[in-house]
A.B. asks: 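Got a structure here, written out as structure tokens. Questions coming.
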Amino acid sequence: MSNDIPITVHNATSDRDLFVTIFQKPAEANPNIIYSSLFPVAWQVLPLGPSQTADPVIYPVQLELKVTESEKFGNAQHRNTVQNVNFNEVWDFDVNKPPFSRVSRNANETGVDGVVVIRNQSNEWIDAGLSKNGSFLMKQPNIRAGEQADFQLTPKLYFLALSNIQKGDLIRSDQVTQNAYAVDLTGVGSVDVTVSTQDPTSGRLVWSSVTAPA
């Protein structure tokens, strides 16, 4: 994946209003914490009626690290910092000159296997994760002072029709994601995803996709 990827989603059912959730799973950098303290996030939620197509969603090549603070400084409640990052980088969060905070790269250290590391060097707890276009792809809440979090992405996007989730919500169970439709982004320049009715009697949905090379 070397360019921004436009993603088009089409609801080809004849009688179903669907909320199509797009998300990305954490890779197993630390499998012991996925769905307990590290969660996939509903990156996009597209409301689509029968025979409707959403405007293309852009999955940008640029990766971001996003930090949300717990402390209130002045009128900045739950202040967010979004920092462009690359894989295998180590970053520190700190409150350098209160009330101002920063995320700075530790150039003396590197991650491995595509892992992005954030270390909480402040005296407050933070939420942090990887994001695209400022919207979380995955999040680890409540990273305490002195702790670090490691983030690693799979090269796939997942699609689900859910009615009880909104953009930015944590996906808290692997059971929820087991029936998700996956699209591998490796070498892909664009994605067209269609959801339709496989069985009118049961209402079972079926997914398909067409990808173009980068």
A.B. asks: Just checking, any donor-acceptor pair under 3.5 angstrom between side chains of Asp150 and Gln152?
C.D. replies: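 Per modelled atom types, Asp150 and Gln152 side chains form no pair under 3.5 Å.
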
A.B. asks: What I'd like to find out is whether the side chain of Arg79 reaches to under 4.5 Å of the side chain of Ser101, using heavy atoms alone.
C.D. replies: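 Answer yes - side chains close enough.
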
A.B. asks: Looking only at side chains, do Tyr35 and Ser173 share a donor and an acceptor under 3.5 Å apart?
C.D. replies: no

A.B. asks: Write down the atom of Val82, the atom of Lys66, and the distance for their closest heavy-atom approach.
C.D. replies: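 Of all heavy-atom pairs spanning Val82 and Lys66, the closest is CG2-CG, 3.9 Å.
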
A.B. asks: Please check: side-chain N/O of Asn120 versus main-chain N/O of Glu124, any donor-acceptor pairing under 3.5 Å?
C.D. replies: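 Side chain of Asn120 to backbone of Glu124: a pair is present.
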
A.B. asks: Salt bridge check, Arg119 against Glu109: does any charged N sit closer than 4.0 Å to a carboxylate O?
C.D. replies: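 The answer is yes: the pair qualifies as a salt bridge.
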
A.B. asks: Under the side chain to side chain donor-acceptor pair (under 3.5 Å) criterion, do Thr68 and Asn80 qualify, and how do the steps go?
C.D. replies: CA-CA 5 Å; Thr68 303; Asn80 290 292; 2.5 Å; yes

A.B. asks: Treating Ile, Leu, Val, Met, Phe, Trp and Tyr as nodes and any side-chain heavy-atom pair under 4.5 angstrom as an edge, say whether Trp43 and Leu162 lie in one connected cluster.
C.D. replies: no

A.B. asks: Quick one, Pro40 and Met138 - any side-chain contact, counting heavy atoms below 4.5 Å?
C.D. replies: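 A side-chain contact under 4.5 Å is absent here.
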
A.B. asks: Answer whether the closest heavy-atom distance between the side chains of Tyr59 and Val57 falls below 4.5 Å.
C.D. replies: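 Sidechains of Val57 and Tyr59: no contact.
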
A.B. asks: Treat each ILVMFWY residue as a node, draw an edge where side-chain heavy atoms are under 4.5 Å apart, and state whether Val103 and Leu137 are in one component.
C.D. replies: yes

A.B. asks: Mind listing the closest non-hydrogen atom pair of Asp94 and Gln121 along with its distance?
C.D. replies: CB-CB, 4.0 Å

A.B. asks: State, with a plain yes or no, whether a side-chain heavy atom of Ile118 is found less than 4.5 Å away from one of Phe151.
C.D. replies: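 Yes - at least one pair of side-chain heavy atoms lies under 4.5 Å apart.
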
A.B. asks: So, do Thr211 and Val183 sit near enough that their side-chain heavy atoms are less than 4.5 Å apart?
C.D. replies: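 Yes, at least one pair of side-chain atoms sits under 4.5 Å.
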
A.B. asks: Kindly determine whether Thr186 and Asp184 satisfy side chain to side chain donor-acceptor pair (under 3.5 Å), including the steps that lead there.
C.D. replies: CA-CA 6 Å; Thr186 305; Asp184 194 324; 2.7 Å; yes

A.B. asks: Taking only Lys NZ, Arg NE, NH1 and NH2, and the carboxylate oxygens of Asp or Glu, determine whether Glu89 and Arg105 approach each other closer than 4.0 Å.
C.D. replies: yes

A.B. asks: With sequence neighbours excluded, what pairs up with Val112 under the side chain to side chain contact (heavy atoms under 4.5 Å, CB included) test?
C.D. replies: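 None.
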
A.B. asks: With heavy-atom distances below 4.5 Å as the criterion, would you say the side chains of Val41 and Ile171 are in contact?
C.D. replies: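 A side-chain contact under 4.5 Å is absent here.
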
A.B. asks: What class does the angle between the rings of Trp207 and Phe159 fall in, given that below 30° is parallel, 30 to 60° is tilted and above 60° is perpendicular?
C.D. replies: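 Ring orientation of Trp207 relative to Phe159: tilted.
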
A.B. asks: Does NZ or CZ of Arg102 lie under 6.0 Å from the centre of the six-membered ring of Phe93, at an angle within 45° of the ring axis?
C.D. replies: no

A.B. asks: Do Val20 and Val193 come close enough that some side-chain heavy atom pair is under 4.5 Å?
C.D. replies: no

A.B. asks: Do side-chain atoms of Asn11 reach the backbone of Gly49 as a donor and acceptor pair under 3.5 angstrom?
C.D. replies: yes

A.B. asks: If you round to the nearest 0.5 Å, how far is OG of Ser131 from CD of Gln62?
C.D. replies: 9.5 Å

